[in-house]
Structure formats: C-alpha cells, structure tokens
Amino acid sequence: MSQEASIHIWPGSYYINSEKRWASGILCLTRTTLRFNSEQNQENLISLRLSRIMEIKMETSGFIFSALTVLEQGNIKHWFGSLKPCRTAVYHVLEHFWRERLLSPTEPRGAEAPLSKGQELIGLISGAQRRLEDTGKVLNHQGEQFDNMIQGLDNIESDLSVADKLLSELECPSWWPFGKLPWKSHQEAKSEAAAKAACAKGSGKGQKVITSIPAIVSHVGSSGNLKPGSLIVLVSSLEVRDANGQLLHCFEKEEVDDVYVHSPYEISVRQRFIGKPDICFRILSARMTEALSVLEMQYKKKVVITRDYAAFQATSATTSGSPEGGGNIWSAGHGQDPEGTVELPAGELTQLQLHVLQPTVTEAEAQELKQMLQQLKTLALEAETELERQDEALDVLSCSADRTTMNINRHTRRMRKLL
C-alpha cells in the first residue's frame, strides 16, 4: 500500500501506553496525517489525521524529560520524546501545518465528505484565478519598470542635449569674464536635482507586496533553529521575517543567486559571496504554492528543481493513482461510463441508475462557475491589454536606446578631438 509523500521526518520515540514503554522510530508529517513508524520492523504504530488533532503542546514526562504531546479527539493523548534536532523545532513545524490545515477552506472535512465534481472544478478555477492575479501583479510591476526605463532614457537624452551645448561652447569658446562659468552652475543644479530624484525613488522602491505567507524559517548553517515567521514577496525583493515581524534578511532581486525547490512546501533562497559564507534561508510553509507561482515568474533562470522535489512528485502521483484519489476531473463526461451501460431488467431502478441520473454539477455550482469564468476572462483580457502596451513600450525603448547610444558615441568622438 503506497503512503502519502512525507513533508518532513524526525527521529524520535513514541510512548506505547498499552505496553508502558517507549519505542524508537521516525515521526513523519504528511499533508493530511501525522504518523510514527517503528525503527525495528517499520510497523506503523500510530496514524493521526491532522483534522482530528485538538492540541499540540510541549510538556515534560516524569518532570525531567522534555516531550511533545498531541491531543486527539476523544481526549486521547500521544507522547513523543527524544525528537531531533530539538523538540521546539518539531513543535513549530507541526503547529504550523496543523493550524493551516484547520484554516484551509478548500480541504474536505475527512473521508466521509469527499468533494463533488462541481466543488473540484470551483477549486481548480479559483486556483487558476489566484495564479492569474499574481501574474497580473508581476506584469504591472514589469510595466512600471518599462515606464521608469523610458523616463530614465528621456532624462539621459535631456542631459545629452546639455552636453551637446557644452561641447559646442568648448569647440567654439565665447569670451566670458573671469568667474564661474554658467554651464557649470547649470550642471551642478541638474546633478543636485537628479540626486534628490534618485533618493525619492529609492525610498519608495520595493514597497509593493505581491504575496505574504506564514512560514517556518531557518538560517542554513545553524542547526535546530526552525522558528515561525513569514515570507514576503515584494516586487523588487524577498523578505524573511520572524513571528514578531522583525526583518531577518532582505534578498534584493538582483542579489538572489538560487531558489531551490525541495518540495511544494519547502524552498531555499541563497545569496552567494566571494571570500565569506553564503547567506541561505530554508523556508517551509503549507501555503508555499502561493509564493511559488510568483517566484517562478520573477526568478525564472534562478529556480532550481531538486531531486527531492522529483521524488516527492513521484510519490504523490503514486499515492493519488487509486480510484479513490479523484482521478482526472476533466475526463468526467467524456464518453460513456462502462458501468452506466450495463443492461438491467426493465422496471428496476437500481442504485447505479440513480447515481447516473444525479447531476455531477448542481445549478448553484454552475452559476458560481459561470461567474468565476467571467472574472477569469476579464483578468485574461486585462493581462492581454497590458502585454500589448508593454510590446509598444519595448519598441519605444529600443528606438530610444539606439538613439541615445548614437548620441553618446558622437559626443565621445567630439570630446576626444578636444583632448
């Protein structure tokens, strides 16, 4: 029997209450369950659904030994001890995924309440809508960058026109009285205004937040320092903060060298240095997929898919391959179901026929799907309009850059003649 892919595992021990003893093994966290496997025979000693957990606490056994307790529905308490790297790190990770599981509005309420086809379709479209919204935010930021570049090129051209006048004066000097030359005062005024504009522009840089997710963060290189915090994706940087909102590190967009994707829930962000240690943060979050869709667009060439991610995907695919896993919802309604074509005696309305006659999507779900598709269409049209505008801006940028390059080369030749 294939098991669900593991998000995180820790070596430790579990107290078997019926035998009054501790058993060593591996504590394993998956997307929906928490289980403990014995070290000797790989026996599954306990398997808890996260939705059935009532409380997670750090306690002591015998007033001496530190332990982690998990309270299940029915007031059943499970004790875990000797956890590595440390009890606190395991507690932070378990509590994060447990709370996010409880707060997630899209998760089914256990095996007794599977999602209908209409709900699955709504979940898929809402996910596509979120991703398109994130894409729109990135496109808007990209358009702002193009506008800033065009404005910068316009400023360069105006400076080049001033340089052209100054070079003309140097080539054909006029007789001025002794004192400060007028073009120098003009140049100083322009440089001062440019410095003020740069300061004002720098003060507002990177303040737009694309997405922010709660996470468990750790600085690679220090063992056992997993602690709750958050990952904030800005238009020009990545911020890692602790639970109190204090900034742990800010990765500027151009400073990020690698974004390693270990699983759909875990990434590592690295900034390389020469002559001193690299800065690397490992980030674990139940909502990492919200950030991955943005990171994939912002850091295309820097995103690295690791072997762990491939193994995780393979395990997930194997686990969801069973008929109970839901299958491909898009195949629903394509062709005839073999079970629906079984010939039955006339006049007998079986349970199978009743199931076939029931609609897979209710009218309310169809109305919600229609509204969501209209919103999706609106977002797609806005993205198309923005892309067309950016294409025109790129043409303007190309022509302006070529013109500026020609002017710079011409002024350089004139300056060399003056030397």
Check [X] against [Y] and note the closest heavy-atom contact, atom names and distance.
X	Y	answer
Glu100	Ala286	CB-CB, 3.6 Å
Asp257	Arg272	OD2-N, 2.6 Å
Lys57	Leu68	O-CD1, 3.3 Å
Leu295	Val303	O-CG2, 3.9 Å

Candidate list Val70, Thr33, Leu94, Leu34, test side-chain contact (heavy atoms from CB on, under 4.5 Å), partner Leu50, passing option: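 Output: one option passes, namely Leu34.
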Test applied, ring pair (Phe, Tyr, Trp, His ring centres under 6.0 Å); reference residue, Trp22; option that passes from Tyr14, Trp79, Phe36, Tyr15: Tyr15
Just by modelled atom types, is the Glu43 backbone N or O under 3.5 Å from a matching donor or acceptor in the Asn41 side chain? yes
Please answer whether the main-chain N or O of Asn155 pairs with a side-chain N or O of Ser158 as donor and acceptor at a distance below 3.5 Å.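 Yes, because the side chain of Ser158 sits within donor-acceptor range (under 3.5 Å) of the backbone of Asn155.
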For Ser13, give me all partners under side-chain hydrogen bond (donor to acceptor under 3.5 Å, both in side chains), at least two apart in sequence or on another chain. none
Which residues satisfy the salt bridge (charged side-chain N to carboxylate O under 4.0 Å, His left out) test with Glu133, sequence neighbours excluded? none
Listed partners of Glu144 passing salt bridge (charged side-chain N to carboxylate O under 4.0 Å, His left out), at least two apart: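 Only Lys208 meet the salt bridge (charged side-chain N to carboxylate O under 4.0 Å, His left out) criterion with Glu144.
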Can you say whether the rings of Trp10 and His8 are parallel (under 30°), tilted (30 to 60°) or perpendicular (over 60°)?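 Trp10 and His8: parallel rings.
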Donor-acceptor pairs under 3.5 angstrom involving side-chain atoms of residues 82-89: please list them, not counting sequence neighbours.
unit_1	atom_1	unit_2	atom_2	d
Arg87	NH1	Glu59	O	2.7
Arg87	NH1	Ala67	O	3.2

I'd like to know if Glu157 pairs up with Arg403 as an ion pair, taking the criterion as any Lys NZ or Arg NE/NH1/NH2 lying under 4.0 Å from an Asp or Glu carboxylate oxygen. yes
Going by salt bridge (Lys or Arg N to Asp or Glu O under 4.0 Å), name the pairs with one or both residues in residues 9-20, residues two or more places apart or in two chains.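 Listed by first then second residue: Glu19-Arg21.
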Side chains of residues 371-387: which donor-acceptor pairs under 3.5 Å do they make with residues two or more places apart or in other chains?
unit_1	atom_1	unit_2	atom_2	d
Gln375	OE1	Gln129	NE2	2.9
Thr378	OG1	Gln374	O	2.9
Thr385	OG1	Leu381	O	2.9
Glu386	OE2	Arg389	NH2	3.0
Glu386	OE2	Gln390	NE2	3.0

Is the shortest side-chain heavy-atom distance between Lys253 and Tyr299 below 4.5 Å?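 The answer is yes; the side chains approach within 4.5 Å.
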